[in-house]
Undergrad: 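Before anything else, here's the structure in question.
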Amino acid sequence: MRRLLPSLAALLLALTACAGDGGGGGSGAQDPIRVGLIVSLTGNYTPLGSEDKKAVELAVEQVNAQGGLLGRKVELVTRDDKTAPDQGIVAYNQIKGEIDALIGPVFSNAALAVEPLAQRDRMPYLSLAPAQEQVEPIKSYIFVTPALSSMYAERYLQYIQAEGIKTIAVAWDSKSAYSVSGHESMVQLAAEYGVTIAVDEPYETTTSDFSALFQHVRDSQAEALVFWGSGAPGVTAAKQYVAAGLETPLFLTGSQASTLWLEPMGKDAEGMIVQSAIGVVGEHLPAGRQKEVIEQMAAPFEQKHGYPPPQFAQDGYSASLLLFEAIRKAGSTDKTKIQQALETMDLITPNGRFRYSPTDHSGLSPEYISINTVRNGAFVPTEWAKEQLAKTVAEAG
């Protein structure tokens, strides 16, 4: 069995042990390893990108405190894609010549714009966006850190089936690659889980009135409404759902697994169903390696920022651990060696156990996604999710 990560401390000790191997590119042993980070720090996805940035900065601080990678400090080179694909391209072109690898963006449309450039330049690239198209078909230098939209879709369908729900409504943002991909997967997989989609309704990111959607759901036989969306629409639609008095349960995706959604929702969020990465509900997991790795991020993050790490922070931190481990395994900053190390990766992170391979650049499975309810202003796994996650953690060791 390939090596699993028992703890961040073990990873950092292993990284330090490689001191003295300066790695490729002709860099001196004391030159920093430079990691590019492109995220949304302005625009609609600012709440997502800012959390990714905090988490990546934390990971860099931790690895540097232990002596860095290959005996060299890690330096972060950050740029803002302004929640716009063209600005993602601008940001990448600004830094591509000075970085050894790239993390980001979180906005799927921007990630898809940067992807072909990174592939062309043979730049190891860990995307923070979950859009399916990034890794289907496989591009050799492109890897994804969040669970794919299709995995979120399948996990919801597993839960829906377990709850005995037969008919659902689906709303999706036609301007978001993440939302489009999730919706398409749900449509394709629904019959496999014995589910019928009674209402299938697109909206746009700028939509501010969801009353027509709620009326269509009210007039249908739908037993649940699955809402695919990121950023502002997640809050807007959820608040209007409460005001509309709709009795059909509202199911939200991982983009709402954050205090950035919980805080503006307040008491209105109580009882809503929200998906998340396993790390968001780490405190509810049984003891084991998975919980240890989550806690190694969660405790210092909360101490530093005053709140638990949200979904997006889990993604950024997990991407950092994957990249750091790849550089360690490569024993070098040679981009091809990093890429090859990523393709043989087997590592436990706050997002779950990644098993990248030459034919799988997403690395995760739906079993690392939790289905939660909001209780007293916090995400708590449903009874179904607790049982499923306990099995997943036990299998990981």
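Predicted model only: the values in this text are computed from it and were never measured.
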Undergrad: So with a 6.0 Å cut-off around CD of Gln161, is the heavy-atom count from everything else above 12?
TA: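 Enclosed: over 12 neighbouring heavy atoms sit under 6.0 Å from CD of Gln161.
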Undergrad: Answer yes if Tyr125 and Leu347 sit in the same cluster of Ile, Leu, Val, Met, Phe, Trp and Tyr residues linked by side chain heavy atoms under 4.5 Å apart, and no otherwise.
TA: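 Tyr125 does not cluster with Leu347.
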Undergrad: Look up atom CG in Leu323 and atom CZ in Arg328, then write down how far apart they are to the nearest 0.5 Å.
TA: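 Here the rounded value is 13.0 Å.
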Undergrad: Got Val35 and Val74 here, is their nearest side-chain heavy-atom distance under 4.5 Å?
TA: yes
Undergrad: Is there a path from Ile338 to Leu102 through hydrophobic residues (I, L, V, M, F, W, Y) whose side chains come within less than 4.5 Å of each other?
TA: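 No, Ile338 does not connect to Leu102 through the hydrophobic network.
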Undergrad: With a 4.0 Å cut-off on N to O distance, would you call Glu325 and Lys329 a salt bridge?
TA: no
Undergrad: Salt bridge or not for Glu51 and Lys54, using N-O below 4.0 Å?
TA: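 Judged by the 4.0 Å cut-off on N to carboxylate O distance, Glu51 and Lys54 do form a salt bridge.
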Undergrad: Below 30° counts as parallel, above 60° as perpendicular, anything between as tilted: where do the rings of Phe301 and Tyr307 land?
TA: perpendicular
Undergrad: Does the side chain of Gln132 pick up a donor-acceptor pair with the side chain of Ser149 at under 3.5 Å?
TA: no
Undergrad: Rounded to the nearest 0.5 Å, how far apart are OG of Ser255 and CZ of Phe312?
TA: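 Reported value, rounded in 0.5 Å steps: 5.0 Å.
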Undergrad: Look at the side-chain heavy atoms of Ile, Leu, Val, Met, Phe, Trp and Tyr, link any pair under 4.5 Å apart, and say whether Ile89 and Ile99 land in one connected group.
TA: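 Yes; tracing contacts between hydrophobic side chains, which count when under 4.5 Å, links both residues.
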Undergrad: Is there a path from Val106 to Ile95 through hydrophobic residues (I, L, V, M, F, W, Y) whose side chains come within less than 4.5 Å of each other?
TA: no
Undergrad: State whether Glu61 and Lys304 are salt-bridged, where the test is any N-O pair (Lys NZ or Arg NE/NH1/NH2 against Asp/Glu carboxylate O) under 4.0 Å.
TA: yes
Undergrad: Count the heavy atoms belonging to other residues, nucleotides or ligands that lie under 6.0 Å from NZ of Lys175, then report whether that count exceeds 12.
TA: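 Result for NZ/Lys175: open.
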Undergrad: Taking atom CZ as the centre, does Arg122 end up with more than 12 heavy-atom neighbours from other residues, nucleotides or ligands that are less than 6.0 angstrom away?
TA: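 Check fails, neighbour count at 12 or below.
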Undergrad: Tell me whether Arg353 is salt-bridged to Asp346, with the criterion being a basic N under 4.0 Å from an acidic carboxylate O.
TA: yes
Undergrad: Can we say Glu292 and Arg289 salt-bridge, meaning some charged N sits less than 4.0 Å from an Asp/Glu carboxylate O?
TA: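 A salt bridge is absent here (no side-chain N lies under 4.0 Å from a carboxylate O).
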Undergrad: Are the aromatic rings of Tyr45 and Tyr178 close, with centres under 6.0 Å apart?
TA: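 That pair fails the under 6.0 Å test.
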Undergrad: Before you tell me yes or no, could you show the steps for Trp261 and Val374 under side-chain contact (heavy atoms from CB on, under 4.5 Å), namely the whole-Å CA-CA distance, both residues' side-chain angles and the distance that decides it to 0.1 Å?
TA: CA-CA 11 Å; Trp261 178 81; Val374 179; 4.0 Å; yes
Undergrad: Between Tyr368 and Gln290, does the side-chain contact (heavy atoms from CB on, under 4.5 Å) criterion hold? Intermediate values first, please.
TA: CA-CA 10 Å; Tyr368 288 97; Gln290 180 67 68; 3.6 Å; yes
Undergrad: State, with a plain yes or no, whether a side-chain heavy atom of Met123 is found less than 4.5 Å away from one of Lys335.
TA: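 Side-chain contact under 4.5 Å: yes.
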Undergrad: For atom NZ of Lys82, decide whether the heavy atoms of other residues, nucleotides or ligands shown that lie under 6.0 angstrom number more than 12.
TA: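 For Lys82, atom NZ is not crowded (no more than 12 foreign heavy atoms under 6.0 Å).
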Undergrad: Can you name the side-chain hydrogen bond (donor to acceptor under 3.5 Å, both in side chains) partners of Thr145, sequence neighbours left out?
TA: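 Here no residue qualifies.
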Undergrad: Kindly work out whether a path of hydrophobic side-chain contacts (I/L/V/M/F/W/Y, heavy atoms less than 4.5 Å apart) joins Leu48 to Leu262.
TA: yes
Undergrad: Side-chain contact, heavy-atom cut-off 4.5 Å: Gln87 with Asp80?
TA: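 No, too far: nothing below the 4.5 Å cut-off.
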Undergrad: Determine whether Phe143 and Tyr356 make a side-chain contact, defined as any pair of heavy atoms from C-beta on separated by less than 4.5 Å.
TA: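 Touching, per the 4.5 Å side-chain cut-off.
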Undergrad: Nearest 0.5 Å, please: how far is CD in Gln62 from CD in Glu57?
TA: 12.5 Å
Undergrad: Are Tyr203 and Phe210, when compared by the centres of their aromatic rings, separated by less than 6.0 Å?
TA: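 Yes - the distance between ring centres of Tyr203 and Phe210 falls below the 6.0 Å cut-off.
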Undergrad: Decide side-chain contact (heavy atoms from CB on, under 4.5 Å) for His183 and Val170; before the verdict, give the C-alpha distance in whole Å, the side-chain angles of both, and the deciding distance to 0.1 Å.
TA: CA-CA 7 Å; His183 161 257; Val170 180; 3.9 Å; yes
Undergrad: To the nearest 0.5 Å, how far apart are CZ in Arg355 and CG in Leu364?
TA: 9.5 Å
Undergrad: Is Lys267 paired with Glu270 through a side-chain N to carboxylate O contact shorter than 4.0 Å?
TA: no
Undergrad: Taking the six-membered ring for Trp and the single ring otherwise, decide whether the centroids of Tyr156 and Phe251 are under 6.0 Å apart.
TA: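 Between Phe251 and Tyr156, which both carry aromatic rings, the centre distance is below 6.0 Å.
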Undergrad: In Å, rounded to the nearest 0.5 Å, how long is the span from OG1 of Thr382 to CD of Glu387?
TA: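 One finds 10.0 Å between OG1 of Thr382 and CD of Glu387.
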Undergrad: Can you tell me if NZ on Lys139 sees more than 12 non-hydrogen neighbours from other groups inside 6.0 Å?
TA: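 Atom NZ in Lys139 is crowded, with more than 12 foreign heavy atoms closer than 6.0 Å.
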Undergrad: For Glu98, I'd like to know if atom CD has over 12 heavy atoms of other residues, nucleotides or ligands within 6.0 Å.
TA: yes
